[in-house]
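What follows is a single structure, written as structure tokens, with notes after it.
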Number of protein chains: 4
Amino acid sequence: MRHQPLRLFYVRFLLGDESVKRKEGKGLKRDAIIDAAVQVFSSKGYHNTRMEEIAIAAGIGKGTIYEYFESKLQLFQALMERSLQTYYSKMETSDLQQLGFRERLCHLLEANFSFSRENKNLARIIYWDTDVIDEELKEWGLAIRKEKEEKLKAIVGEAITRGELREVDSYLTTLVIMGCLESMYVPIIFEDLDRPADELALQVVDMIMQGIGNK
Amino acid sequence: MRHQPLRLFYVRFLLGDESVKRKEGKGLKRDAIIDAAVQVFSSKGYHNTRMEEIAIAAGIGKGTIYEYFESKLQLFQALMERSLQTYYSKMETSDLQQLGFRERLCHLLEANFSFSRENKNLARIIYWDTDVIDEELKEWGLAIRKEKEEKLKAIVGEAITRGELREVDSYLTTLVIMGCLESMYVPIIFEDLDRPADELALQVVDMIMQGIGNK
Amino acid sequence: MRHQPLRLFYVRFLLGDESVKRKEGKGLKRDAIIDAAVQVFSSKGYHNTRMEEIAIAAGIGKGTIYEYFESKLQLFQALMERSLQTYYSKMETSDLQQLGFRERLCHLLEANFSFSRENKNLARIIYWDTDVIDEELKEWGLAIRKEKEEKLKAIVGEAITRGELREVDSYLTTLVIMGCLESMYVPIIFEDLDRPADELALQVVDMIMQGIGNK
Amino acid sequence: MRHQPLRLFYVRFLLGDESVKRKEGKGLKRDAIIDAAVQVFSSKGYHNTRMEEIAIAAGIGKGTIYEYFESKLQLFQALMERSLQTYYSKMETSDLQQLGFRERLCHLLEANFSFSRENKNLARIIYWDTDVIDEELKEWGLAIRKEKEEKLKAIVGEAITRGELREVDSYLTTLVIMGCLESMYVPIIFEDLDRPADELALQVVDMIMQGIGNK
DNA sequence: GATGAATGAGAGTTCATTCAT
DNA sequence: AATGAATGAACTCTCATTCAT
């Protein structure tokens, strides 16, 4: 019982069909519910959040949520999917392929930092609430992580081949970079670290590339 | 509402207080319960774990847990405290003070890696289940993290002063190092990364100190 | 709170009242809704049927049902009334009064069997779904049954007086006959018993009249 | 998670084990819950009965029911099973095999009548609440009925062979007899028909065997 | 001290009904 | 008149906690 009248909707939308406004409203309401869910889930955690709280936060009735999502778990999954879309669309901008490793890394870090800052609640969920909500969801979370890791590892490997990096272990390097990304969430989210994202990125890239050792 | 009768207990124990013997027996069973709790909580998460499951895992009756812990939350808190004690006792061995930064860092990484490997369940809880179980617990988790961070930052600052490191931002450096520590948990815990801890540590320290850039 | 504007409606209809035409249109849709309700209620039972299913079966919107019926219960009541009207109109044909007991009984049985066969859904509701949907409805169902019983008992009494039957207890006889009627529903409705209704009726009447004992 | 420590229980019971009393109490409580369920279900119907009402009727807490039954539906199934056991144990007394058809039929009718009278609530459920509670349950109900029918048909067939009955259709005869049984429930249950069961049985058997026709 | 049967507050979910469009 | 999105009362079931044994 998923909502997938997408194609028909699109046609009507192009034709300017009146009925679309209603459908459009439905899409908007769906989003509004996810927005509310992000707020509540991120501050209280999945299990401590009652469906009614989300409804209240969204300014709607409890039952209305079930018009758009089949269950609490599905709402959370939808939230995660939309969040990751937002996250990835922020990461993968256009013509990164052309850039050198240092620039790509710098962009990656900066995008991560600013995403975290602008979407604190989302980020909190993406990085903290990977709790064991559901076995399937856990697997999914790990798979997402693995995918991210593989992409990064390919980039690292390529950079080594190109001679941009010295002969390091590409896997460990990947882990170190991911660690640097992740280590910043806590201060950004919980401690309101307010240094400019680009400056932060530059400094961290510098440390990663040159190392912190004296000479 | 933290459990801190530890010191008083210790005094009585040294004095041979009668009540301690009972407490000692109690202590053993208490520990057994926490052991069981570690198993179950770490594999199913806090909210998906039922008190009865812990009781069964501990081979005792459900009601007995309440003889030793006031509530599920308090049991989890006690577990976290004991886990962190174990963790820290592993980290802060003897005469690290004398060593140079590189050696201390290396030791820290190695200790972390081997701890994670030897105490997968514990590590899983410490790094993953800091979920929003309870507002108070969340604050406490963050405070612990902050404390860790401060200690590390002091060490970094000192190393810079001593000229062991170049003039980097000690705070960012701390975050990067913590990121490197944390980034290894997932592969170790979930993917059974099996490289020797000391070798891993050496490689990562090398990357951190020299950087990964070519020249 | 029974629906009984039936007579008034009939008068207006004969007089050509304008309001009737609207009502007539309404009457058609009303009937269509009841038709749909018969389908759904009879296959899923009262409580397992959702108003929306009836609406879908009727090819109309959910809210429209409420233009014609005040509530789910009232829809069911209306359905029962119409069903019983249909049932009785099938039973009480023309000049049965003239016939002898055997013929009347035979007609009754045959009419019942063919009604059941031709209106399986209706029959299922009439004989099976008199479940405890509502206290008032239960009383009503019992009253209907009692009425049926009284009619039959009068016929039986008369037949005894006329000497068509031997001196049996007219009440018990009535119950036995009703039992024979009812006992056929299950095989007809659920097992598609396909013997011709008239043949079935003859055989059963024969058993009732002559008994099954040898000699 | 069914309760089936029956064998172990039995051994302990024979040995007079103390722990049995508790288990025995459990069995008693299980029965008490079913008793309460019979009361409530039979007067309000399955769907109008709330679990809490059953709990209150049983003088226990709502959650306690779930210690003994997995769900509302399972409670109802258990109730039906126990009811049918009670019913059948009443029907199938000892040495009916020896008796002639007339005597067996008489016994069957009498047993049915007195069962209905003594277990009005049970009977109400067995004969009236075969509502579409659940598809599976409906099938089961029909299967039970079919089984009953087959047994009776065999007896009828045998009686015909022995020449106790004239050459009637054994299937129809079976249906007629079942109809006679069933037709008595309503007056007995809802109208407190108070004639002695044995007398009723004799009269009905007489009608069935000799017929009601004059001569 | 140990137990586990009993409990009931609380949560997710359903669906008859309403009402703005 | 017709609709179906929105609603919230009502219901089942769970599980931390209690307490009599």
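We use all heavy atoms of the structure for the numbers below, so side chains are in, but hydrogens, waters and symmetry mates are not. A, B, ... follow the sequence lines: proteins, then strands. Residue 1 opens every chain.
- Rounded to whole Å, the distance from CZ on D/F69 to P on F/dC13 is 13 Å.
- In terms of modelled atom types and a separation under 3.5 Å, the side chain of B/T64 and the main chain of B/I60 share no donor-acceptor contact.
- Taking the six-membered ring where tryptophan is involved, the planes of C/F41 and C/Y46 are essentially parallel, since the angle between them stays under 30° and well short of 60°.
- When the C1' atom of E/dA2 is taken as reference, atom CZ of B/R30 falls 18 Å away, rounded to whole Å.
- Remark: C1' of E/dT7 and OH of D/Y68 are 12 Å apart, rounded to the nearest angstrom.
- To the nearest 0.5 Å, the span separating OG on D/S43 from CD on D/E53 amounts to 8.0 Å.
- A 4.5 Å side-chain heavy-atom check between B/I54 and B/L75 finds at least one atom pair inside the cut-off.
- Summarising the geometry, the separation between CD1 on A/I56 and P on F/dA6 is reported as 17 Å, rounded to the nearest angstrom.
- C/D35 and C/R82 are joined by a salt bridge, as a carboxylate oxygen and a charged side-chain nitrogen come within less than 4.0 angstrom of each other.
- In this structure the side chain of B/M80 reaches within 4.5 angstrom of the side chain of B/W140, judged on heavy atoms.
- If you measure from atom CD1 of D/I33 to atom C1' of E/dA6, you get 11 Å, rounded to the nearest angstrom.
- Judged by the 6.0 Å and 45° rule, B/K72 forms no cation-pi pair with B/Y66.
- Put simply, the side chain of B/F69 reaches to within 4.5 Å of the side chain of B/I34, judged on heavy atoms.
- With rounding to the nearest 0.5 angstrom, the OG atom of D/S71 is 7.0 Å from the CE atom of D/M51.
- Following rounding to the nearest Å, D/Q74 (CD) and F/dT12 (C1') show an atom-to-atom distance of 14 Å.
- Ranked by how close their nearest DNA chain F nucleotide is to the 5' end, A/G61 and C/I60 are led by C/I60.
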Note to self: How would you summarise protein contacts on nucleotides 14-21 of chain E per nucleotide, using B for base, S for sugar-phosphate only and - for none, with heavy-atom distances below 4.0 Å?
What the structure shows: BSSBB---

Checklist line | Watson-Crick and G-U pairing of DNA chain F, under 3.5 Å, as dot-bracket with | and [ ] | finding: .||||||||||||||||||||

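- Distance A/I65 CD1 to F/dA5 C1': 14 Å, rounded to the nearest Å.
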